[in-house]
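Structure first, commentary second.
Keep in mind that this is a model prediction, so the values were computed, not measured. Every chain is numbered from 1, with letters handed out A, B, ... down the list of sequences.
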Protein chains: 2
Amino acid sequence: MPLPQTEAPGRLQAELMSRGLRMTRQRRIILSVVETAKQHLDASQILRKARKLDSQVDRVTVYRTLSLLKRHGLIDELDLMHMQGEKHFYERRPQRDHIHMACLRCGKISEFESNLFDRLKGQIQRDCQFHIVVTRLEVGGYCAQCRTASAA
Amino acid sequence: MPLPQTEAPGRLQAELMSRGLRMTRQRRIILSVVETAKQHLDASQILRKARKLDSQVDRVTVYRTLSLLKRHGLIDELDLMHMQGEKHFYERRPQRDHIHMACLRCGKISEFESNLFDRLKGQIQRDCQFHIVVTRLEVGGYCAQCRTASAA
DNA sequence: TTAAGTGCAAATATTTTGCTGTCAC
DNA sequence: GTGACAGCAAAATATTTGCACTTAA
């Protein structure tokens, strides 16, 4: 029986521990915030949510933990086309890469998986002899709703 | 007869003037730096090169001009997988979108055009009803040379 | 016990803004 | 002549670093 898409919480924590890293109170909190986020969060939002759970979490620890997770390939960093200043957003690395589409009018972020994208990555690896570690495909434009609204 | 790939310099300048924008001494210099760049430059590098041509160019003017060019869709902003801090890099918007590949070992940036990428964009527009204005596909990994070197 | 991790303060890096004076058209 | 633009200073934003203290293993 295949596992459901939404894995049990604590996966990030298990991954870090299996790599021999120390599981501190602060890390546990930050990991749970990242893991249960319903949208893409930036460092300040992660800090705020972490402090709701435990006021003793420092901004620097958030940055250091995000950097750790990124180094270990457990989260991906997004820019979302720089629509909200120069913030970076984070999400748990998905099982299958997806595309981020940012609506330049309403700001909505949508995600899209595509076989063509998977094939494109294969083509890059073959044709360029390039071993892919991480990809980021971001698209800026107008979503269905805003397209219609503009036309009206 | 089709135009050659490498257009005559001054194209950016012509584009801005045709949009009714003022062509100042500073803008002319910054545009020529961006236009003749042989690699992707960030704001500070553009400033430095501009000042070699005319010491009377301010950093703020570089930022304002880059922002103007971006708003008009004449240049694209790249992050190059944040390999060199949080700088942004700029390039004239190409006639055909390409992929940027950043080697995590040697730092080399390569570019790649692909029909699959063009088809993927078409798929996004159709399947998501999303009107694409700008795309950015960046890939981090290991280039052919560094792959070999690591294996050795 | 002890090396890894945290917090605090300060530094660094990048980009933006307010305002006054200048110049392209 | 006039409104768009440039320069300067200062602010805002985002992230990193040094160092002493704390804690997980």
Side-chain angles (χ1 to χ4, degrees), chain A residues 10 12-31 33-34 40-48 50-51 53-72 74-75 77-90, chain B residues 10 12-34 40-48 50-51 53-72 75 77-90:
Chain A
L12 284 180
Q13 185 174 322
E15 283 280 356
L16 280 189
M17 291 185 80
S18 77
R19 285 162 159 88
L21 289 154
R22 290 193 183 172
M23 194 45 50
T24 63
R25 182 172 44 80
Q26 292 90 332
R27 280 189 184 165
R28 239 189 306 271
I29 289 167
I30 294 167
L31 297 187
V33 168
V34 170
H40 307 111
L41 303 176
D42 69 12
S44 290
Q45 291 172 311
I46 292 169
L47 175 67
R48 202 174 322 128
R51 281 196 163 148
L53 300 173
D54 183 333
S55 59
Q56 273 287 97
V57 176
D58 194 81
R59 177 178 296 271
V60 174
T61 302
V62 170
Y63 279 112
R64 286 199 269 235
T65 303
L66 289 173
S67 159
L68 180 79
L69 291 168
K70 196 167 49 154
R71 265 200 316 284
H72 283 266
L74 299 174
I75 56 170
E77 188 175 56
L78 312 172
D79 295 284
L80 302 182
M81 295 315 276
H82 302 142
M83 288 205 314
Q84 318 187 34
E86 305 310 324
K87 288 178 173 62
H88 297 140
F89 299 87
Y90 300 89
Chain B
L12 283 180
Q13 186 174 321
E15 283 280 357
L16 281 188
M17 290 184 80
S18 78
R19 285 164 160 85
L21 289 154
R22 290 195 183 169
M23 194 44 51
T24 63
R25 181 172 44 79
Q26 292 91 332
R27 279 190 183 163
R28 239 188 306 271
I29 289 167
I30 295 168
L31 297 187
S32 80
V33 168
V34 171
H40 307 110
L41 303 176
D42 69 11
S44 290
Q45 292 172 310
I46 292 169
L47 175 66
R48 202 175 320 126
R51 281 195 164 151
L53 299 175
D54 183 335
S55 59
Q56 273 288 96
V57 177
D58 194 82
R59 178 179 294 273
V60 174
T61 302
V62 170
Y63 278 110
R64 285 199 269 234
T65 304
L66 289 173
S67 159
L68 180 78
L69 290 168
K70 196 167 49 154
R71 263 199 321 281
H72 284 266
I75 57 170
E77 188 175 55
L78 313 172
D79 296 284
L80 302 182
M81 293 318 274
H82 302 141
M83 287 205 315
Q84 317 187 36
E86 306 309 326
K87 289 177 171 63
H88 296 140
F89 298 87
Y90 299 89

Axis-to-axis angle across the helix from C/dT1-D/dA25 to C/dC25-D/dG1, five pairs each end, nearest 10 degrees, ~ 40°
With B/Arg22 via side-chain hydrogen bond (donor to acceptor under 3.5 Å, both in side chains) - residues at least two apart | none
Partners meeting side chain to side chain contact (heavy atoms under 4.5 Å, CB included) with A/Gln56 (sequence neighbours left out) = A/Arg25, A/Asp54
Establish, from distance only, whether the side-chain atoms of A/Ser44 and A/Arg59 form a donor-acceptor pair under 3.5 Å.
-> yes
Search all heavy atoms of [X] against all heavy atoms of [Y] and return the closest pair with its distance.
| X | Y | answer |
| --- | --- | --- |
| A/Asp79 | B/His82 | OD1-NE2, 3.0 Å |
| A/Asp58 | A/Leu47 | C-CD1, 3.8 Å |
| A/Phe89 | A/His40 | CD2-O, 3.6 Å |
| A/Ala50 | A/Ile30 | CB-CG1, 4.4 Å |

Are the side chain of B/Ser67 and the backbone N or O of B/Tyr63 linked by a donor-acceptor pair below 3.5 Å?
-> no
Whichever of B/Glu77 and B/Arg25 has the more 5' nearest nucleotide on DNA chain C, that residue is B/Glu77
Tell me which of B/Gln26 and A/Thr24 sits closer to the 5' end of DNA chain C, going by the nucleotide each one is nearest to.
-> A/Thr24
Could you list the protein-to-nucleotides 8-11 of chain D atom pairs, N/O on both sides, closer than 3.5 Å?
unit_1	atom_1	unit_2	atom_2	d
D/dC8	OP2	B/Asp58	OD1	3.4

Quickly work out the [X] [atom1] to [N] [atom2] distance and round it to whole Å.
| X | N | atom1 | atom2 | answer |
| --- | --- | --- | --- | --- |
| A/Leu47 | D/dT15 | CG | C1' | 13 Å |
| B/Leu21 | D/dC5 | CG | C1' | 11 Å |
| A/Ile29 | D/dT23 | CD1 | P | 14 Å |

Given side chains that start at C-beta, do those of [X] and [Y] come closer than 4.5 Å, heavy atoms only?
| X | Y | value |
| --- | --- | --- |
| A/Glu15 | A/Leu12 | no |
| B/Glu86 | A/Glu86 | no |
| A/Leu66 | A/Lys70 | no |

Does any residue of residues 79-89 of chain B have a heavy atom under 4.0 Å from DNA chain C, and if so, which ones, in number order?
-> B/Lys87, B/His88
Kindly compute the distance separating CG (A/Leu74) from CG (A/Leu31), expressed to the nearest 0.5 Å.
-> 9.0 Å
B/Thr61 side-chain N/O to D/dG7 phosphate OP1/OP2 under 4.0 Å = yes
Of all nucleotides in DNA chain C with an atom under 4.0 Å from a non-hydrogen atom of chain B, which is the first and which the last going 5' to 3'?
-> C/dT14 to C/dC25
